[in-house]
Amino acid sequence: MRITALAGGVGGARFLRGLKAHLDVVAPESELTIIANTGDDISLFGLRVCPDIDTLLYTLGGGIDEAQGWGRADESTRVQGELAAYGAVPQWFTLGDLDLGTHIVRSQWLAQGLTASEVTGRLAARWGLPGRGIRLLPMTDVPVETHVVLDEGDGAGEKAVHFQEWWVRMRAEVPATRFVVAGLDRAAAAPGVLEALRSADVVVLPPSNPVVSIGIILGVPGVRDALRGSRAPVVGVSPLISGRPVRGHADACLSAIGVSSTASAVAELYADFLDGWLVDPADADVRVRGVETAVHPEPLLMTDVDAAARMAKSLLALADRVR
Ligand code: GDP
Ligand code: FO1
Ligand code: CA
């Protein structure tokens with residue numbers, strides 16, 4: 001079975017780790033292709049940082065800080081301490097020492113002329129992904145960055161900041177009016193991305209942020225059309241339960257684009273290509289025209305790998321039903 005997933009960072013990675021655990025038991029020969037959001041990427045201190053790709057690498061490769069959901073386990077911040085001593089900024093973004101190894105080698109390979117896809121392939125090899133039937137692709141090889149247009153309410157006009165500054169430094173507390181990804185409408189999908197969508201047996205949308213993770217990938221030319229034209233069922237997991245994100249600030253992102261924070265409103269965003277939608281028991285009343293909904297028999301929470309694997313099992317059963 002060929003499964004293709006679109007994914008952001010923490011929610012996507014935790015779900016796909018569970019999906020992989022489930023597949024290892026029921027369909028060990030299956031191939032999982034992950035199309036990762038790169039809109040969160042940022043250059044800091046001359047280094048290219050790709051948070052969603054790194055979260056996927058570390059989670060699927062066994063190096064993630066479990067409690068935090070991003071960054072490396074057993075991490076330290078000695079280098080950042082030195083940067084602070086020099087007065088180097090920004091200091092609001094944590095750069096762990098082990099994590100810096102990834103940023104340094106990625107930046108070196110990019111400077112040598114490798115594409116983002118090639119670099120991601122090398123990083124994935126180190127984390128053992130190809131050997132386990134997992135292919136990790138950036139959504140595009142073109143460097144794109146999500147920016148957030150702010151409404152600071154001071155009458156000073158529009159101001160935009162990098163997504164990470166809004167998310168991490170401002171904790172998404174300053175209202176956003178829109179998200180802008182310069183160049184995305186001209187950025188070609190990375191090699192293999194559209195083919196992976198067209199040739200999949202199932203396309204899955206993990207519980208990733210619908211606006212700044214999945215929404216950004218859907219903005220890559222050709223991706224949305226490939227999903228609309230897909231012969232495979234497209235099924236997704238709600239990232240919202242009872243009108244609230246499980247973690248992060250998806251509610252602030254949805255409100256910026258004028259969409260309410262409910263499991264049904266998120267499914268509506270995907271309604272032109274979505275076949276099935278998995279929701280929490282608390283959202284059992286969700287109805288979306290043209291989309292088959294299924295209620296997971298327990299809370300839709302990835303409390304551990306087994307819980308995520310059970311969510312994946314429910315999702316694949318739903319895919320079979322709508323096929
Ligand atoms: P990010 O890039 O690190 O923000 O991660 P993603 O975009 O992949 O996923 C973020 C989304 O995952 C958030 O909107 C959360 O509500 C959702 N999420 C995280 N953990 C869970 C969970 O256990 N269950 C469900 N249903 N959603 C979750
Ligand atoms: N999230 C934070 O809240 N604070 C940080 O300092 C931070 C650093 C960081 C470094 C590397 C990395 O891969 C992820 C990091 N994250 C941090 C997570 C990241 O900002 C966001 O969760 C996602 O980009 C939002 O989708
Ligand atoms: Ca992200």
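When a ligand or atom number is given, it counts from 1 through the structure's own listing order.
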Under a 4.0 Å N-O cut-off, is there an ion pair linking Arg17 with Glu66? yes
Is the shortest heavy-atom distance from the side chain of Trp127 to the side chain of Ile134 under 4.5 Å? no
Does ligand 2 come near enough to His103 that some N or O of the ligand is less than 3.5 Å from an N or O of the residue? no
Can you tell me the protein heavy atom closest to atom 3 (O) of ligand 1 and the distance? Val10 N, 2.8 Å
Any donor-acceptor pair under 3.5 Å from Gln80 side chain to Gly96 backbone: no
Short question: side chain of Glu29, backbone of Gly133 - any donor-acceptor pair under 3.5 Å? no
Counting heavy atoms under 4.0 Å, the part of Val212 that contacts ligand 2 is neither
What protein heavy atom is closest to atom 26 (O) of ligand 2, reported as residue, atom name and distance in Å? Asp40 OD2, 2.9 Å
Considering both backbone and side-chain atoms of Leu240, is one of its nitrogen or oxygen atoms within less than 3.5 Å of a nitrogen or oxygen in ligand 1? no
Best match, Trp167, Trp92, Trp70, Phe163: closest heavy atom to atom 17 (C) of ligand 2: Trp70
Quick note on ligand 1: atoms under 4.0 Å from a heavy atom of Gly11 include exactly 5 (O), 6 (P), 8 (O), 9 (O), 12 (O)
Which residue is it: Val235, Val237, Val266? I am looking for the one with a side chain to side chain contact (heavy atoms under 4.5 Å, CB included) to Trp277. Val266
Could you check whether Glu292 pairs with Arg323 (Lys NZ or Arg NE/NH1/NH2 to Asp/Glu carboxylate O, under 4.0 Å)? no
Closer than 4.0 angstrom: is that true for some heavy atom of Thr55 and an atom of ligand 1? no
Return the minimal non-hydrogen interatomic distance between Leu194 and Ala189, and the atom names on each side. CG-CB, 3.9 Å
Is a salt bridge present between Asp24 and Lys20, judged by a nitrogen-to-oxygen distance below 4.0 Å? yes
Derivation and outcome, side-chain hydrogen bond (donor to acceptor under 3.5 Å, both in side chains), residues Ser76 and Asp97: CA-CA 6 Å; Ser76 51; Asp97 297 330; 2.6 Å; yes
Protein heavy-atom partner closest to atom 2 (O) of ligand 1 - residue, atom, separation in Å: Gly9 N, 2.8 Å
Distance from atom 13 (O) of ligand 2 to nearest protein heavy atom, with residue and atom: Pro51 CA, 3.3 Å
What is the name of the N/O/S atom of Asp40 that is nearest to the Ca ion (ligand 3)? OD2
So which heavy atom in the protein is nearest atom 8 (O) of ligand 1, and how far is it from that ligand atom? Ser208 OG, 2.6 Å
Starting from atom 14 (O) of ligand 1, which protein heavy atom do you reach first, and at what distance in Å? Ala250 CB, 3.5 Å
Whether Arg228 and Asp272 form a salt bridge (side-chain N of Lys/Arg under 4.0 Å from carboxylate O of Asp/Glu) is what I want to check. yes
Leu150 backbone acceptor or donor facing Trp166 side chain under 3.5 Å: no
Among non-hydrogen protein atoms, atom 4 (O) of ligand 1 lies closest to Trp167 CZ2, 4.1 Å
Enumerate the atoms of ligand 2 whose separation from the nearest heavy atom of Val168 is less than 4.0 angstrom. 1 (N), 2 (C), 3 (O), 4 (N), 5 (C), 6 (O), 20 (O)
Report the part of Asp52 in contact with ligand 1, treating N, CA, C, O as backbone and CB onward as side chain, heavy atoms under 4.0 Å; options are side chain, backbone, both, neither. side chain
Which protein heavy atom lies closest to atom 23 (O) of ligand 1, and at what distance to 0.1 Å? Met302 N, 2.8 Å
Kindly confirm or rule out a cation-pi arrangement of Arg224 over Phe273, judged by NZ or CZ under 6.0 Å from the six-membered ring centre and within 45° of its axis? no
Any donor and acceptor pair, going by atom type alone, linking the side chain of Glu75 with main-chain N or O of Leu98 inside 3.5 Å? yes
Looking only at distances, please establish whether an N/O atom of ligand 1 is found under 3.5 Å from an N/O atom of Gly12. yes
Which ligand 1 atoms, with their elements, are less than 4.0 angstrom from a heavy-atom of Asn209? 6 (P), 7 (O), 9 (O), 10 (C), 11 (C)
Contact between ligand 1 and Ser238 is defined here as a heavy atom of the residue under 4.0 Å from a ligand atom; is it met? yes
Of all the atoms in ligand 1, which lie at a distance below 4.0 Å from a heavy atom belonging to Pro245? 16 (O)
Students should be able to answer this: which protein heavy-atom is nearest to atom 13 (C) of ligand 1, and at what distance? Arg247 O, 3.3 Å
Looking only at distances, can you tell me whether any N or O atom of Thr94, backbone or side chain, sits closer than 3.5 Å to an N or O atom of ligand 2? yes
Shortest protein contact, atom 24 (N) of ligand 1 (heavy atom only): Leu300 O, 2.8 Å
Atom indices of ligand 2, in the order listed, that fall short of 4.0 Å to a heavy atom of Phe93: 6 (O), 7 (C), 8 (C), 9 (C), 10 (C), 11 (C), 15 (C), 20 (O)
Mark yes or no for whether Thr38, through its side chain, and Asp41, through its backbone, hold a donor-acceptor pair below 3.5 Å. no
Test side chain to side chain contact (heavy atoms under 4.5 Å, CB included), reference Leu123, set Leu129, Val105, Leu136, output is Val105
Do any N/O atoms on Pro207 end up under 3.5 angstrom from N/O atoms on ligand 1? yes
For Gln164, is at least one N or O under 3.5 Å away from an N or O on ligand 2? yes
